[in-house]
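Step one of this worksheet: look at the structure below.
Naming: A, B, ... by sequence-line order, numbering from 1 per chain. All values derive from a computational prediction rather than experimental measurement.
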Amino acid sequence: MSDNTQQLIDQVQSAHTNNSTLKIVGGNSKDFLQACTANDTLEMTSHAGVVNYEPTELVLTARAGTPIVEIEKLLADNGQYLSFEPPHFSENTTIGGAVASGMGGPRRPWGGAPRDVLLGCRLLTGTGDVMRFGGEVMKNVAGYDVSRLMAGAQGSLGVLLEVSLKVLPAPSKTITLTQNLSETEAHQTMRELAAKPIPLSGVCFANGQLYIRLSGAHASVNAWSKKIGGERLAENNTFWERLRDHQLDFFDRSQPVWRISLPPAAPSLACADSTLIDWAGGQRWIISNAAPEQIKAEALNLKGHAKQFYGNALPEPWAMSSQVALGPIQKRLKETFDPKRIFNPGTHANL
Amino acid sequence: MSTQDTSALRERLADQFKSFVDPAFVLAEESERKPYECDGLAAYRHLPLIVVLPETIDDVQKIMRICHAEQVPVVARGAGTGLSGGALPLENGVLLSLARFNQILDIDKPNLCATVQPGVRNLAISEAAKPFGLYYAPDPSSQIACSIGGNVAENAGGVHCLKYGLTVNNLLSVTIVTAEGELVTLGSGGLDAEGFDLLALITGSEGMLGIVVEITVKLLPIQERAQVVMAAFDHVETAGQAVADLIAEGILPAGLEMMDQPSLQAAEDFVHAGYPVEAAAILLCEVDGDNEEVSEEIARVRQRLTDSGATEVRTAKDDNERARFWAGRKAAFPAVGRISPDYYCMDGTIPRKHLPYILREINRLGEVYGLRAANVFHAGDGNLHPLILYNGNEPGEIERAEAFGGKILEACVEVGGSITGEHGVGLEKINQMCAQFPPEEITLFHAVKAAFDQQGLLNPGKAIPTLNRCAEFGAMHISQGDMRFPHLERF
């Protein structure tokens, strides 16, 4: 629970001077996704603590090394939550890592991703300068939206020191319904549900079951659950947490498990041996023994993209956009924030 | 550049453009260029070098390649309703109007999205989606006229953005033509894309990073019901506290607006909304959802507002009354325009808890500058629109209004806020940028622009000040006779 800014600045400036490189490490819970080749680490967990939180302002500001579990506990004590439902790949997962990874949980289509709730950040650049972008206000169109650019940048553009997030009142009631359906029926049902004004907070097909989570006002959740129908999942069932944290049996670390982001109504992937559908169709997890190029080509053909998460010997670098004209723009952005390429080398391919 | 060189350049560009754009849409005569000399900020006017209205993406690419080769700056323009001079032309530059990009290309019900051209009006998307039970959520008040391309450029909000987000939260992808004339798509068919989030970066970038030529927006299912409650307070502070109390209660209104006495009095006199004119402030709180949910929430809202000291709480009894309650709020700007020869509209944002301080500060500054202000406030998201009342015919009043407005924005920055919540920096607030950002950050913004536009050809001179012009001041002045599109609701 301390402000470690000065030490972090010193370490970055030293790396800048000595032409060395740094791997930014928070809770280290997403290391399995990082192909980073840096010579040294920039340790973030000692830069922790909630800096500002006033529930009635709907904004929380925390240092990047603050564990997510701590933030979620604080919010829950005040009847609020992080709408993007960040994955906890371990209990050490930090808020900085959650934002830098850009990942949203099962609530993503309705609750957004880190980019959607990130209002501002303090950023340590590759020259060791601390800059502030955005703020603690809901609306701010002064200057370019540099803070949102950091969400999902995997630390390649700088070190998040502090993040300010929009938080929301937690729904007063949540229930989950399950229906026994085939994959095709489930996909069709989820698209029909998504097109109605239902207080959805999760729609997933896994293991022959369609899971429908409703969150909102009591009256609304009760009324819709009657209309939708299905078996009610016990309240102590942790299905959504296990889905969020990749603890379901489907995420077998020994199998080639791929994440495919797609238009939600896109058809099933031909290259999939088995499929878990999340985000009401927008995020598919597949186990596939097809060649990586084939999986990526099929995803691209369906206007999406693919990345292998599990079952590979070494993590694959995050892809940059493959559009030729964006290549130089992405590289110039990297050089703007990190001219000597200190941060997370190897994390992104072709950067 | 000499007059002769300017004419030669204009002729050369006209000839090149006319080789692929219908000559009727290449405007080189002064009388043809005149209508494009300003946007919604009519105080600033520049006659563009030449105006071109391309019809296809291929045309836009060709125009950009020509301008890149000639090193001529380009300003893109949508409907021209912007309030900060973002689409103000350059005398030495091409004004590229996207008015002919006015087609809704696809309403994709299975994927809950619409693909549209940038010149499509915001409201037209919701109208086209309505038969499918869907709508596009961001609803800036100029939505009957403003174009979706301009919404992307300004990251437009609206009354409902606390619950439904800004433009940036409601986009899936944007296709742009770069300064070099290349075509690229930011975003994807899914909810995320590979690489950096350039979609977020380009949203609100005021036409400085690329020319938006195609947009895919998310569509949401239309809610079953919306209901609005009006509450009156005898102190502005009490109203401000009531907003915090509603949030603390766990209520997330679809819209939450505040008006102070001068604003609500002016609005009442103008549209007869049924506001209690003796109140120091009123709140309008809208909740939406299904029937059961709205009934449950309205009861909670009423109780909370009463407990927080409202002197009167009234639920709109039908859609007519609901529309009337909103009409007063949406007409606040023109209503204030009726009680003062001129007004100057500010757009600061603050952490909501500082509202009483800022309102006191506005009153104090008003005394210092000898001018009054009426305040309307997007209370849910901390976006304040003080309207400074002045008379442009009185010597020195414009300057005093400008100085007053600048001080208000500086006060917003001091309490951790921003100089603009939704109108954009454009040319209007370019000097106040220096109050909000230190030189290092402004320098970095220039580098971000250069990453996309190395020659600085896209809308140069807007949004980000050069470091050595930080001492100047600019402002939006609206005289009754000057305001463009006076029939539009603005808030």
Any side-chain heavy-atom pair of [X] and [Y] under 4.5 Å:
X: V448(B); Y: F337(A); value: yes
X: K139(A); Y: H378(B); value: yes
X: L201(B); Y: L333(A); value: yes
X: W224(A); Y: E292(B); value: no
X: F437(B); Y: R132(A); value: no
X: D197(B); Y: R115(A); value: yes

Identify which part of [X] has an atom lying under 4.5 Å from any heavy atom of chain A, answering side chain, backbone, both or neither.
X: C113(B); value: neither
X: K109(B); value: side chain
X: E441(B); value: both
X: D290(B); value: side chain
X: N111(B); value: both
X: E154(B); value: backbone

Quick check against the 3.5 Å criterion: does [X] have a side-chain atom that pairs as donor or acceptor with the backbone of [Y]?
X: E57(A); Y: K353(B); answer: yes
X: Q323(A); Y: T185(B); answer: yes
X: R352(B); Y: T56(A); answer: yes

Only pairs of heavy atoms separated by less than 4.5 Å count here; which of [options] has the most with chain B?
options: G120(A), G143(A), P263(A); result: P263(A)
options: A195(A), A280(A), S172(A), P199(A); result: A195(A)
options: G112(A), A194(A), G152(A), P55(A); result: A194(A)
options: Q80(A), Q283(A), K166(A); result: K166(A)
options: Q154(A), H348(A), E335(A), H218(A); result: H218(A)

query = Can you list the steps and then say if T127(A) with E440(B) is a side-chain contact (heavy atoms from CB on, under 4.5 Å)?
reply = CA-CA 12 Å; T127(A) 47; E440(B) 299 74 28; over 6 Å; no
inquiry  = Quick check: under 4.5 Å, non-hydrogen atoms only, which of residues 100-110 of chain A neighbour chain B?
reply    =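 The residues closer than 4.5 Å to chain B, in numerical order, are R108(A), P109(A).
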message = Please report the interatomic distance CG(L149(A)) to CG(L199(B)), rounded to the nearest 0.5 Å.
response = 11.5 Å
inquiry  = At a 4.5 Å cut-off on heavy atoms, which part of I329(A) comes close to chain B: side chain, backbone, both, or neither?
reply    =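 Both backbone and side chain of I329(A) come within 4.5 Å of chain B.
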message = Need one label for A306(A): side chain, backbone, both or neither, based on atoms under 4.5 Å from any heavy atom in chain B.
response = backbone
request  = Check whether more than 12 heavy atoms from other residues, nucleotides or ligands sit under 6.0 Å from atom NZ of K227(A), and answer yes or no.
outcome  =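 Enclosed: over 12 neighbouring heavy atoms sit under 6.0 Å from NZ of K227(A).
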inquiry  = Just to be sure I understand the criterion: a residue of residues 164-172 of chain B counts if one of its heavy atoms is under 4.5 Å from a heavy atom of chain A. Which ones qualify?
reply    = L166(B), V168(B), N169(B)
